[in-house]
Peer 1: 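First the structure, then my questions, so here it is.
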Amino acid sequence: MLDGFPVYGALEPDGSSMGSLDPTYHGHELNGAFHYHGTEAFPYLVKTFRGSVSSSNLADAPFDQIDPQPIATNFRGNPFPMFTATLPHHIDSLIPNATHTGGTLYVSYGNALENQKSCTYWWVEGTTQDSLYFNFYDENGVLE
């Protein structure tokens, strides 16, 4: 995570079963070292940072943000890449929706908000299977 602590899935780093998690951070210490876990139940990943992070409110940022910003790469491949430019990509903000079943991720390239795209996502719990949905929007807010 951005505070320097590692994140693991349902198993400990040594492959053993995950121990109980601290309800404040969604992680715990093992052999004197703290780490987070991802789970299949809320809050799914990190609930809040345990370590220190730097926050700033840059003039061109719409919200307070963590510095340094992580750089995103296109892991989805075609046919709908978030960006085709070779400039660095930055996560501007992630805003949860009102029902806490998704949110909107704002990403820009070249450190310019006029180059900002967004992805709205949400999930629907089903009786036998949950579904995850995505909508991708261009710099003008038009659905791609």
Peer 1: Let me confirm one number: the CG-CZ distance from D22 to F34, rounded to the nearest 0.5 Å.
Peer 2: 6.5 Å
Peer 1: What distance separates H28 NE2 from L21 CG, expressed to the nearest 0.5 Å?
Peer 2: 6.0 Å
Peer 1: According to a hydrophobic-cluster definition based on side-chain heavy atoms being under 4.5 Å apart (Ile, Leu, Val, Met, Phe, Trp, Tyr only), do V142 and F136 belong together?
Peer 2: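 Per the 4.5 Å side-chain linkage, V142 and F136 are not co-clustered.
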Peer 1: Check the orientation of Y121 and F134. Use parallel for under 30°, tilted for 30 to 60°, and perpendicular for over 60°.
Peer 2: tilted
Peer 1: Donor-acceptor pair, distance only, cut-off 3.5 Å: does the side chain of D138 make one with the backbone of N140?
Peer 2: yes
Peer 1: Under a 3.5 Å distance rule, please check whether Y36 uses its side chain to pair with a backbone N or O of R50 as donor and acceptor.
Peer 2: yes
Peer 1: Should Y8 and V46 be counted in the same cluster of Ile, Leu, Val, Met, Phe, Trp and Tyr side chains packed under 4.5 Å apart?
Peer 2: no
Peer 1: Between F5 and Y25, does a side chain to side chain contact (heavy atoms under 4.5 Å, CB included) hold up when you go through it step by step?
Peer 2: CA-CA 11 Å; F5 291 109; Y25 304 109; over 6 Å; no
Peer 1: Run the side chain to side chain contact (heavy atoms under 4.5 Å, CB included) check on T24 and T48 step by step: do they pass?
Peer 2: CA-CA 7 Å; T24 302; T48 187; 4.1 Å; yes
Peer 1: Mind checking the CH2-CG spacing from W123 to N97? Nearest 0.5 Å is all I need.
Peer 2: 7.5 Å
Peer 1: Looking at Y106, is its backbone amide N or carbonyl O close enough to the side chain of Q116 to form a donor-acceptor pair, meaning the two atoms are under 3.5 Å apart?
Peer 2: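 Absent.
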Peer 1: Do L132 and L105 belong to the same hydrophobic cluster, where Ile, Leu, Val, Met, Phe, Trp and Tyr are linked whenever their side-chain heavy atoms lie under 4.5 Å apart, directly or via other members?
Peer 2: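 As far as the 4.5 Å side-chain criterion goes, L105 and L132 are connected within one cluster.
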Peer 1: In terms of hydrophobic clusters joined by side-chain contacts under 4.5 Å, are L30 and L11 together?
Peer 2: no
Peer 1: Identify whether Y44 and L94 are in the same connected component of the hydrophobic contact network (ILVMFWY, side-chain heavy atoms under 4.5 Å).
Peer 2: yes
Peer 1: So which atom in T39 and which in H26 form the shortest heavy-atom distance, rounded to 0.1 Å?
Peer 2: OG1-NE2, 3.0 Å
Peer 1: Give me the atom names and distance for the closest heavy-atom approach of T104 to S118.
Peer 2: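 Scanning both residues, the minimum pair turns out to be CG2-CB, 4.0 Å.
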Peer 1: Are any side-chain N or O atoms of H37 and backbone N or O atoms of G27, one a donor and one an acceptor, separated by less than 3.5 Å?
Peer 2: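 Such a contact is absent between H37 side chain and G27 backbone.
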